[in-house]
Amino acid sequence: MKVNLDPDQGVAGRIEVDGLTKRFGDVVAVDDLSFTVEPGSITGFLGPNGAGKTTTLRMLLGLVRPDKGRASICGVEYVDLPAPATIVGAALEATGFHPARSGRDHLRVYCTVNRLPKRRADEVLDVVGLGQAKRRKVGGYSLGMRQRLALGAALLGDPAVLILDEPANGLDPDGIVWMRRFLREYAERGRTVLVSSHVLTEMQQLVDRVVILNRGRLVREATLAGLSEGTSSVLVRSPDPTGLTAALDQHASNGTRARRLGPDLLEVTGTTAAGLGHIACAAGIELHELTPRRTDLEQVFLDLTGTLETEPS
Amino acid sequence: MPTLIAGEFQKLLTTRLWLWLLLGAMALTALYASLLLGFSDDPDTMTAPLHTAAGQQTLFAVAAGGANTLTAVLAAIGITGEFRHRTATATFLATPARNRVVVAKLVTYALVGVGFAFACLVVVAIIAVPWLSAMDISLSLTGNGLPGIYLGVLSDTAIFGLLGVGLGALLRNQVATVVGLLLYRFVAEPIVTNIPAISEWTIYLPGSASAALTQVSLSTQGYLEAWQGGLVLAGYGLALAAAGSLSSVLCDIT
Ligand SMILES: Nc1ncnc2c1ncn2[C@@H]1O[C@H](COP(=O)(O)OP(=O)(O)OP(=O)(O)O)[C@@H](O)[C@H]1O
Ligand SMILES: [Mg+2]
């Protein structure tokens, strides 16, 4: 089995998920899910609680056996990677630590089994800001400290692909800012970063692409910009709304659509404020107001995942 | 594989549990040995007189009784702890071929068993040498078939390491595994092996096989030849190890 880390070869650093399906008893946790994640960017893996994010990541990493489908990293299934720690680093939700072992000893165990020099443990502990606490038992660590330790474990092998499940949970604001910057640098070195979260706003400032999941199914795979595309609109007020509608209809082939909101108010989608102004000017129609309206990403996420209506509380 | 075994030893030695269980095994051995020495004059004693080879063999064989169950407990805690503390995720991420992890643990805890057994044999020697000399009984640590007993004790305890790993891998629940192990060893098997009607069958149980291997039994029933006991016990060890390995390869780590 050949692992391809050569960037010219297409699959280097790419994650491919193809038709993954997993049931737990009656619950379909993941349902025929397919998506790809490309290197050199940060991909957000989003979905409400119970959407199947963790289950998907665990299938990708060979920890949970899919009922159907397959997933590969650099063109190879995780279980066939020869030295996984140097290719993929993962920090999963509910990754455990032995409470009586120190953070440093925990990492040193995995240095041994991954054939990495022991000093890597101290290096990554400094990177994740646990240099002071590393000799203490993990049982006494706070939630944020455990998150940092899990991230440290993922970084041990300086992997080409980083997979993090809800890494911001429990991190303080400084920690979150630090992590954002860290992941950005990581991706800029041409590496693959996949980060799951159930909070879109948390991801908005971090990710380049999103894969959105709801009830185990893919609902959207897009760039962050693409996600708001088609949902942003322009509000326009004109004394001649009928004429303006007619003028806009001639551009319907470009996806421009107008909707009457009031006697002199239209909401136009599929064009920008500038584009709309140009159409109006060319048609000689007077405008009184031209307001770009950007739908909140949070709203897009809620609309896509339908959390508000479907999640019983 | 050597790196995985080294990793398992590192896991074991970075917490203190092994030390407590080793001390427990040594204390238990000291207790057994002292009881045997103290009651050797008792007319009701079931053991052979201590000036005979058989008596001295029995004395050293108590090291197995002190070491084997606690080795199995340590082994069971070692593997079920991966599931209880959810370190299985990190472990199987590092080594996706899970049966290699189970094999590394089997080797590790077999070696731990050898170490425990050795320490307990030393405990017996430390107690027996002055005690017997005070009783004017001569004892040669290399004579009277004792080396064969040492070998039996070492292999018996090593196989208990395999049993602990195998059972733990199969059940994965720490409390159930440890409680089950202790109940079986100290309650269930002693009861059934003392039922004469089924003694033909019970000589094949793990505890009886273990007693056969070291030729010590506190039950009134007979037992197999040492080599037969060794084979039967190893059979249990390997069967449990195989079943445990298969079951942890198939399970979902969530
Ligand atoms: N081991 C398991 N046994 C039974 N059901 C499970 C198991 N693991 C997950 N599930 C179910 O599968 C579904 C998906 O769970 P999963 O943990 O993948 O969601 P998630 O997107 O990670 O959620 P969260 O945002 O809360 O972490 C849920 O309905 C969950 O109850
Ligand atoms: Mg989750």
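Numbered from 1 within each chain, the chains take letters A, B, ... in sequence-line order. Values reported hereafter were calculated over all heavy atoms of this structure, with side chains retained and with hydrogens, waters and symmetry mates removed.
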Crowding at OH, B:Tyr204 (>12 non-hydrogen neighbours, <6.0 Å): no

Need one label for A:Ala100: side chain, backbone, both or neither, based on atoms under 4.5 Å from any heavy atom in chain B. both

Of the listed B:Leu250, B:Thr95, B:Leu17, the one with the largest count of heavy-atom pairs under 4.5 Å with chain A is B:Leu250

B:Ala94 versus A:Pro84, closest heavy-atom pair with distance: O-CG, 3.6 Å

A:Tyr78 side chain vs B:Leu93 backbone, donor-acceptor pair below 3.5 Å: yes

Judged by atom type as modelled, is there a donor-acceptor pair below 3.5 Å linking the side chain of B:Gln10 to the main-chain atoms of A:Thr112? no

Can you tell which part of A:Lys22 gets under 4.5 Å to a heavy atom of chain B, answering side chain, backbone, both or neither? side chain

Sort out for me which of B:Thr91, B:Leu4, B:Ile5 touches chain A most, counting heavy-atom pairs under 4.5 Å. B:Thr91

If I measure from the heavy atoms of chain B, does A:Ala90 come under 4.5 Å with its side chain, its backbone, both, or neither? both

Do B:Thr254 and A:Val64 have side-chain heavy atoms sitting under 4.5 Å apart? yes

Cut-off 4.5 Å, heavy atoms of chain B, and the answer for A:Arg115 is side chain

Looking just at side-chain N and O atoms, do A:Arg58 and B:Thr89 make a donor-acceptor pair shorter than 3.5 Å? yes

Donor-acceptor check, side chain of B:Arg84 to backbone of A:His98, threshold 3.5 angstrom: yes or no? no

Determine the minimum heavy-atom distance between B:Arg98 and A:Gly62, stating which atoms define it. NH2-O, 3.1 Å

Under the criterion side-chain contact (heavy atoms from CB on, under 4.5 Å), which of A:Val113, A:Asp105, A:Val109 is the partner of B:Lys11? A:Val109

Go through B:Phe92 and A:Val79 one step at a time and tell me if the side-chain contact (heavy atoms from CB on, under 4.5 Å) criterion holds. CA-CA 9 Å; B:Phe92 292 145; A:Val79 295; over 6 Å; no

May I ask you to check whether B:Thr15 and A:Arg101 show a side-chain donor-acceptor distance below 3.5 Å? no

Nearest heavy atoms of B:Asp252 and A:Phe24, plus distance in Å: OD2-CE2, 4.1 Å

B:Arg16, CZ: over 12 other non-hydrogen atoms inside 6.0 angstrom: no

State whether the number of non-hydrogen atoms from other residues, nucleotides or ligands found under 6.0 Å of B:Tyr184 atom OH is greater than 12. yes

Of the backbone (N, CA, C, O) and the side chain (C-beta and beyond), which part of B:Ala90 lies under 4.5 Å from a heavy atom of chain A, both, or neither? both

